[in-house]
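Presented below is the structure to which this report refers.
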Amino acid sequence: MSAAAPVVRRHDDADSLVGDVASALLDRLEAAQSRGEVPQVGLTGGTIAESLHRELARRASDSSVDWSRVVFWWGDERFVPADSPDRNARQAREALLDHVPVDPAHVHEVPASDEVATAEDAAEAYSAAMREHGAGFFEVLMLGIGPDGHCASLFPGHPVLEARDAIAVAVHDSPKPPPDRVTLTFEALQHARSVWFIASGEGKAEAVARALADEGSVTETPARGVRGDETVWWLDEDAASAL
Ligand SMILES: O=C(O)[C@H](O)[C@@H](O)[C@H](O)[C@H](O)COP(=O)(O)O
């Protein structure tokens with residue numbers, strides 16, 4: 001299926017943005033499960049993602065989502081110890097996954113720096129897990145965007161932007177600390193029925209505008225390089241202010 005043009009959904013503020021995304025995600029999971037599917041969701045790190053996770057936990061009891069039949073992955077992870085507060089997985093567990101009845105076998109974390117020796121080992125193990133347990137596509141892949149236009153841990157001008165025939169790769173010298181990470185590649189991120197970018201705040205406005213401009217460079221603005229069958233930009237007015 002060819003990638004459709006991105007859809008922009010604007011909201012007055014971060015609270016209404018997070019509420020809408022949470023509602024849409026719960027609806028989407030319920031619909032997938034009503035089709036007999038076990039939806040695969042790609043989570044992301046970052047501040048607006050954490051707000052979303054908390055909102056999902058708040059709404060979970062009012063939804064008919066069977067959390068034991070949702071498979072969770074991460075678009076990227078920091079290569080730090082498993083109990084580090086910098087871990088995207090730890091943040092997601094504290095905000096959401098510890099508060100809903102997930103099946104632990106369906107929560108696939110990237111190996112941590114106290115579990116494997118190198119970020120390359122972690123990327124290889126995560127790629128193998130995705131080959132074995134992934135459905136080959138995400139029902140919804142969620143992404144944040146940095147002020148520099150990065151998404152996941154795909155940073156402007158970084159060599160991993162060129163990675164081909166790979167699912168997850170190691171990132172070193174990340175401009176956003178911590179320096180060592182694991183990220184899904186463009187190829188892997190694009191295997192998604194729907195890619196959802198979520199951005200809040202004036203600080204993202206210029207990057208969002210670059211990402212959505214008719215012309216531009218993926219190397220300079222990696223968020224331009226990820227599109228699903230459907231791509232939705234969930235924005236508050238501050239993040240949309242340069243459109
Ligand atoms: O591991 C990470 O750092 C995230 O995956 C990263 O891609 C994040 O989503 C953006 O940097 C936005 O983060 P904020 O929402 O905190 O600005």
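Values below: every heavy atom of this structure, side chains too, minus hydrogens, waters and symmetry copies. Ligands are counted one by one from 1 in listed order, and the atoms in each one are counted from 1 as well.
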Inset, instruction - Provide the number and element of each atom of ligand 1 under 4.0 Å from a heavy atom of Thr47. - result: 14 (P), 15 (O), 16 (O)
Legend entry - Basic-acidic side-chain contact under 4.0 Å: Glu237, Arg10: yes
Legend entry - Reported OG1-to-CD1 distance for the pair Thr221 and Ile145, which is rounded to 0.5 angstrom: 7.5 Å
Legend entry - Region of Ile145 that comes within reach of ligand 1 [heavy atoms, distance under 4.0 Å]: backbone
Legend entry - Donor on one side chain, acceptor on other, Ser68 and Asp103, under 3.5 Å: no
Inset, instruction - Considering the heavy atoms of His150, write down every atom of ligand 1 situated less than 4.0 Å from one of them. - result: 6 (C), 7 (O), 10 (C), 11 (O)
Legend entry - Salt bridge flag under 4.0 Å for residues Arg193 and Glu37: yes
Legend entry - Polar proximity ligand 1 side, Gly45 side, N/O cut 3.5 Å exclusive: yes
Inset, instruction - Using a strict 4.0 Å threshold on nitrogen-to-oxygen distance, state whether Glu109 and Arg78 make a salt bridge. - result: no
Inset, instruction - Compute the minimum heavy-atom distance from Arg181 to ligand 1 and say whether it is under 4.0 Å. - result: yes
Legend entry - ligand 1-proximal atoms of Ala152, by part, heavy-atom distance under 4.0 Å: backbone
Inset, instruction - Answer yes or no: is there an ion pair linking Arg35 with Glu139, defined by an N-O contact shorter than 4.0 Å? - result: yes
Legend entry - Centroid separation Trp73 to Tyr126 less than 6.0 Å: yes
Inset, instruction - Would you mind listing which atoms of ligand 1 come within a distance below 4.0 Å of any non-hydrogen atom of Gly46? - result: 13 (O), 14 (P), 15 (O), 16 (O)
Inset, instruction - May I ask you to list the atoms of ligand 1 that are less than 4.0 angstrom from any heavy atom of Thr44? - result: 5 (O), 9 (O)
Legend entry - Heavy-atom donor-acceptor pair, Arg181 side chain to Val171 backbone, under 3.5 Å: no
Inset, instruction - Ignoring hydrogens, just give me the one of Thr183, Asp76, Leu154 whose non-hydrogen atom is nearest atom 5 (O) of ligand 1. - result: Asp76
Inset, instruction - Check each atom of ligand 1 against the heavy atoms of Ile48 and keep those under 4.0 Å away; list them by number with element. - result: 15 (O)
Inset, instruction - Please report which non-hydrogen protein atom sits nearest to atom 17 (O) of ligand 1, along with the residue it belongs to and the distance in Å to one decimal place. - result: Lys204 NZ, 2.6 Å
Inset, instruction - Identify, by atom number and element, the atoms of ligand 1 in contact range of Arg78, meaning under 4.0 Å from any of its heavy atoms. - result: 1 (O), 2 (C), 3 (O)
Inset, instruction - Answer yes or no: is there a side-chain heavy-atom contact under 4.5 Å between Trp234 and Val8? - result: no
Inset, instruction - Below 4.0 angstrom from a heavy atom of Lys176, which ligand 1 atoms are there? Numbered from 1 as shown, please. - result: 2 (C), 3 (O), 6 (C), 8 (C), 10 (C), 11 (O), 13 (O)
